[in-house]
Student: 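Below you'll find the structure I mean.
Throughout, protein chains are lettered first and strands after them, A, B, ... in sequence-line order, and every chain is numbered starting at 1.
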Amino acid sequence: MNVFADFQSRVGAVLSAIAASGRLPAGLDLTRFVVEPTRDPAHGDLATNAAMVYAKEAKAHFPNPRQLATEIAFALSEGEGVDQAEVAGPGFINIRLKPNVFEGVLRCALTADADFGKPAQKHPGKVNVEYVSANPTGPMHVGHGRGAVFGDALANLLAFAGHPVTREYYINDAGAQVDVLARSAHLRYREALGEDIGEIPAGLYPGDYLKPVGQALAKEFGASFAQKPEAEWLAPFRARAIDAMMAMIRGDLKALKVRHSVFFSERSLTTGEYGDRVGAVIRALEGKGLVYEGRLPPPKGQLPDDWEDREQTLFRSTDFGDDVDRPLKKSDGSYTYFASDIAYHQSKFDRGYHTMIDVWGADHGGYVKRMQAAVTALSGAKAHLDVKLCQLVKLVRDGAEVKMSKRGGTFVTLREVVDETGVDAARFMMLFRKNDATLEFDLAKVIEQSKDNPVFYVQYAHARCKSVIRQALAAFPRIDLSPKALAGESLDLLDDEGEAGLMKLLAQFPRQVEAAAGAHEPHRLAFYVHDLASAFHSHWNRGKDHPHLRFVNQERRDLSGARLALVTCLGLVLASGLGILGVSAPEEMR
RNA sequence: GACCCCAUAGCUCAGCUGGAUAGAGCAGCCGCCUUCUAAGCGGCAGGCCGCAGGUUCGAGUCCUGCUGGGGUCGCCA
């Protein structure tokens, strides 16, 4: 039950009725106005700006917005559950609801249990969320972790909001970097065979994490490839090294509780059962007149040292708002990463996804326009790609930023950070921020188990709910505390201001889910559960000075029942919210 | 030179797709543990929302131009 959606349609119905009477134009876009919680409780429970939004269209019959607002307010005030609807300011309509509306929400929430907050009907459109897609050449770092957690939480959120969601990882196993990986592995292989390899040459991956790969290769192949030319061992070494790297990355992801349902290999685009799909997509775009042989102007300002002007195969991304056309083939005729990525997104489209979300690091910002251009082109504008860029993570230890350098040995892996902070804290902190703002990840603060730390603050609120319930069981050994039974309690006894505030906040959960899912912004849920936790802690503490406000009251079985319904619902929504974020909701904090 | 992101309290950040008097948490100051867990709560103080224009009944939010910080710019993915 979503009271905001309910009133959105009620207001819409009133507007339609006025339109039917000829005093508003037909075919109004009813998504333009909003019904939202009031900021000031004195304004009632809900407010809508509908009269102001349609002021222009209404001008002929309603010279000013307040007149339209008056008519809408009158119609709304007749509706069920409405205590009063009045016009305020320039044309707001403030609605005060009868208390039984929130009792109804609470009852619904308890009945729905873990399904509370999900929309009434599922969305038909399936969504593809691609995230992480770190190169299989080494362990993940903290920046990857942010994108991973963001994508995972976003996928959880969309699934909760009723979308069929596919969680996808694109394995970049086709470019030059995996050949470098294979050569690096070959070096470690020779090392494992007892050879002194000395310093790792520049251009190869120096990390120790390749030593076990070399040992495994030595065990499998013996010395047979030690002195052989690269052509003989490159392919098998590459395949095994990639597998080993992906196993490591999957381990890193598991440590962060990040899940994927599909791992899509870039290499399969050219070598798989469907043949050369990159070539096919280029030909398809060619057929649409979007591919040509041409020359690109050199970048202005700093010219690359090895710049040479030459003709290459280009995609007309400028037709779709990009700054310049983008190359599809390298000088040696092989495909660019962009070309592969077009084929990959073609595959998503072919698999029926018209909504695609890619989660990338900030360093890929320059690729957004061209990729969106490509998706528009290949789908004939039928598919939409939203790219969520996660800005950089600034890792702070002891008040100073940790500069990442693979060579300098100050490279901090994601796994090290997660081992230090715990999954819950790491995930929550990464989600307690907009994706497009840089994230300061202060290890000391993330680990701190105190009120400074929002993770524990929210988890404590959940644990406190459970604690109250344990107390209740001690006080009323025979009470049925299942949500469904609690829904039958006398909820009209919840007449305290703090209790009413909590119920109103709980009623916002479905709206928060809908808004966060619609905007692809999981952080909104993190802030919502934090707000909810804050309101709960606050109310709980009022029970110190005012014992009659405590949830459990031995003398009042009926009142306790109603309050336990409230606290159970709080626990339920906190658990749902934390669940979407992928953070555990503990029974107790000890 | 171009493109993308950011700029809100001393610090770290929200601000619900344009609404009413801009909000939290730290840090500072003053209070609250004989209590359903003090990992908590209440209060005080703290603001030219980077600057300048524009659109609008109404702008922290949208547009333009600046300033400052970060990211990126053919044959790396």
Side-chain angles (χ1 to χ4, degrees), chain A residues 34 36-40 43 47 49 52-53 55 64-65 88-92 94 133-135 137 172 174-178 266 295-302 304 306-310 312 314 322-324 326-327 329-334 336-338 340-341 361-369 389 391-392 394 432-434 436-438 440 442 445 448-454 456-457 459-461 463-464 467-472 474-475 508 511-512 515-516 518-519 521 523-524 527-528 530-531 534 537-545 547 550-553 567 588-590:
Chain A
V34 294
E36 55 188 359
T38 56
R39 194 176 306 171
D40 185 347
H43 293 152
N49 59 355
M52 293 179 289
V53 167
N64 73 65
F92 289 104
N94 291 333
S133 303
N135 290 341
T137 55
N172 298 132
Q177 87 283 355
V178 286
E266 179 186 359
R295 294 169 189 278
L296 283 178
K300 301 242 163 53
Q302 194 87 27
D306 54 351
W307 175 266
E308 74 180 90
D309 188 36
R310 71 165 166 277
Q312 54 192 151
L314 299 170
D322 201 0
D323 310 310
V324 290
R326 304 293 178 174
K329 289 183 181 176
K330 301 176 191 172
S331 55
D332 63 2
S334 62
T336 58
Y337 172 79
F338 179 48
S340 297
D341 222 351
D363 53 342
H364 288 57
Y367 282 78
V368 175
K369 282 185 183 176
L389 291 181
Q391 291 296 323
L392 303 185
K394 197 170 110 184
F432 203 55
R433 200 123 312 167
K434 283 181 301 202
D436 47 11
T438 52
E440 183 168 303
D442 188 325
K445 286 183 184 167
E448 190 174 359
Q449 305 211 353
S450 76
K451 60 185 174 179
D452 300 8
N453 192 328
F456 296 106
Y457 185 82
Q459 288 185 318
Y460 181 39
R464 185 168 255 179
S467 166
V468 170
I469 286 164
R470 284 191 294 272
Q471 296 292 332
Q508 283 188 34
R511 181 176 178 272
Q512 294 287 346
E521 290 181 350
H523 79 274
R524 294 196 199 187
F527 282 92
Y528 172 75
H530 190 264
D531 284 350
S534 174
H537 285 312
S538 178
H539 182 68
W540 189 93
N541 268 271
R542 289 179 66 213
K544 284 197 305 186
D545 293 335
R550 294 183 190 173
F551 288 94
V552 180
N553 184 335
V567 87
E588 56 183 347
M589 296 299 280
R590 293 186 195 285

Student: Could you check whether A:Arg550 gets within reach of a base, just the sugar-phosphate, or nothing at all, counting any heavy atom under 4.0 Å?
Tutor: base

Student: Under 3.5 Å, is there a donor-acceptor pair between the side chain of A:Asn453 and the main chain of A:Lys445?
Tutor: yes

Student: In whole angstroms, how far is the P atom of B:C32 from the CG atom of A:Asp545?
Tutor: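 Answer to the nearest Å: 11 Å.
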
Student: Within the 4.0 Å heavy-atom criterion, would you say A:Leu314 contacts the bases, only the backbone, or no part of the nucleic acid?
Tutor: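 Nothing: the residue A:Leu314, judged by heavy atoms under 4.0 Å, touches no strand.
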
Student: Tell me the interatomic distance from A:Lys330, atom NZ, to B:C75, atom P, rounded to whole angstroms.
Tutor: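 Spelled out: NZ on A:Lys330 to P on B:C75 is 8 Å.
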
Student: For the side chain of A:His523, starting at C-beta, report the closest nucleotide among B:U12, B:G15, B:C36.
Tutor: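 Nearest nucleotide to the side chain: B:G15.
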
Student: Can you pull every protein N or O that's under 3.5 Å from an N or O on nucleotides 17-20 of chain B?
Tutor:
residue, atom, partner, partner atom, Å
B:G19, N7, A:Asn49, ND2, 3.3
B:A20, OP2, A:Arg39, NH1, 3.0
B:A20, OP2, A:Arg39, NH2, 2.5
B:A20, N6, A:Asn94, OD1, 2.5
B:A20, N1, A:Asn94, OD1, 3.3
B:A20, N1, A:Asn94, ND2, 3.1

Student: For A:Asp341, answer base if it contacts any base atom (sugar-phosphate contacts may also be present), sugar-phosphate if it contacts only those atoms, and nothing otherwise; contact means non-hydrogen atoms under 4.0 Å.
Tutor: nothing

Student: Can you find a side-chain donor-acceptor pair between A:Glu266 and A:Ser340 that sits under 3.5 Å?
Tutor: yes

Student: Would you mind telling me which of B:C36, B:G40, B:G71 lies closest to the side-chain atoms of A:Leu392?
Tutor: B:G71

Student: If you look at every heavy atom in A:Pro65 and A:Met52, which pair is closest and at what distance?
Tutor: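 Answer, listing the atom of A:Pro65 first, then A:Met52: CB-CG, 4.1 Å.
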
Student: Rounding to an integer number of Å, can you tell me how far A:Lys394 NZ sits from B:C11 P?
Tutor: 12 Å

Student: Let me know the distance between CG of A:Asn453 and P of B:U12, rounded to the nearest Å.
Tutor: 17 Å

Student: Quick check: do A:Gln512 and A:Phe527 have side-chain heavy atoms less than 4.5 Å from each other?
Tutor: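 Counting from C-beta outward, A:Gln512 and A:Phe527 never come under 4.5 Å.
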
Student: If you look at every strand shown and take non-hydrogen atoms under 4.0 Å, does A:Phe527 touch a base, only sugar-phosphate, or nothing?
Tutor: sugar-phosphate

Student: Where do A:Val468 and A:Trp540 land on the side-chain contact (heavy atoms from CB on, under 4.5 Å) test, with the steps shown first?
Tutor: CA-CA 10 Å; A:Val468 170; A:Trp540 189 93; 3.9 Å; yes

Student: Please work out if A:Glu588 contacts a base, only the sugar-phosphate, or nothing of the nucleic acid, heavy-atom cut-off 4.0 Å.
Tutor: base

Student: Mapping A:Asp332 and A:Glu440 onto RNA chain B by nearest heavy atom, which one lands closer to the 5' end?
Tutor: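 Closest to the 5' end, via its nearest nucleotide, is A:Glu440.
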
Student: Distance check needed: B:C13 P versus A:Glu521 CD, whole Å only.
Tutor: 17 Å

Student: With a 3.5 Å cut-off and heavy atoms only, can you find an N or O donor on one side and an acceptor on the other between the side chain of A:Arg470 and the base of B:C36?
Tutor: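 No.
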
Student: Reckon A:Arg310 touches a base, only the sugar-phosphate, or nothing at all at heavy-atom distances under 4.0 Å?
Tutor: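 Answer is base: heavy atoms of A:Arg310 come under 4.0 Å of a base.
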
Student: Given atom CZ of A:Phe432 and atom C1' of B:C26, what is their separation to the nearest angstrom?
Tutor: 12 Å

Student: RNA chain B: A:Arg326 or A:Asp40, which has the more 5' nearest nucleotide?
Tutor: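 Whichever sits nearer the 5' end wins; that is A:Asp40.
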
Student: Please check this pair: side chain of A:Gln177 against backbone of A:Asn172, looking for a donor-acceptor N/O pair closer than 3.5 Å.
Tutor: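 Checking the backbone N and O of A:Asn172 against the side chain of A:Gln177, a donor-acceptor pair under 3.5 Å is found.
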
Student: What one-letter contact string describes nucleotides 3-9 of chain B from 5' to 3', where B marks a base within less than 4.0 Å of any protein heavy atom, S marks contact via sugar-phosphate atoms alone, and - marks no contact?
Tutor: SSSS---

Student: Any base atoms under 4.0 Å from A:Gln312, or only sugar-phosphate, or nothing? Heavy atoms, all strands.
Tutor: base

Student: Calculate the interatomic distance between A:Asp363 atom CG and B:G71 atom C1'; express it in whole Å.
Tutor: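 Whole-Å distance recorded here is 8 Å.
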
Student: So, is A:Tyr457 close to the B:C41 phosphate, meaning a side-chain N or O under 4.0 Å from OP1 or OP2?
Tutor: yes

Student: Which whole-number value in Å describes the distance from A:His530 NE2 to B:U12 C1'?
Tutor: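 Atom-to-atom, A:His530 to B:U12, this comes out as 12 Å.
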
Student: Looking at every non-hydrogen atom in both residues, tell me the closest pair between A:Leu296 and A:Pro327 and how far apart they are.
Tutor: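 Heavy-atom minimum between the residues: CD1-CD, 4.0 Å.
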
Student: Starting the side chain at C-beta, find the nucleotide from B:C41, B:C36, B:U12 nearest to A:Arg433.
Tutor: B:U12

Student: Given 3.5 Å as the limit, does a donor-acceptor pair link the side chain of A:His537 with the main chain of A:Tyr457, or not?
Tutor: yes

Student: Return the minimal non-hydrogen interatomic distance between A:Gly365 and A:Leu389, and the atom names on each side.
Tutor: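 In terms of heavy atoms, the two residues are closest at CA-CD1, 3.7 Å.
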
Student: Any chance you could encode RNA chain B as dot-bracket? Rule is Watson-Crick or G-U wobble with both distances under 3.5 Å; [ ] for pairs crossing earlier ones, | for another strand.
Tutor: (((((((..((((.....[...)))).(((((.......))))).....(((((..]....))))))))))))....

Student: Distance between the C1' atoms of B:U34 and B:C49, in whole angstroms?
Tutor: 48 Å

Student: Could you give the distance from CG (A:Asp323) to NZ (A:Lys369), rounded to the nearest 0.5 Å?
Tutor: 4.0 Å

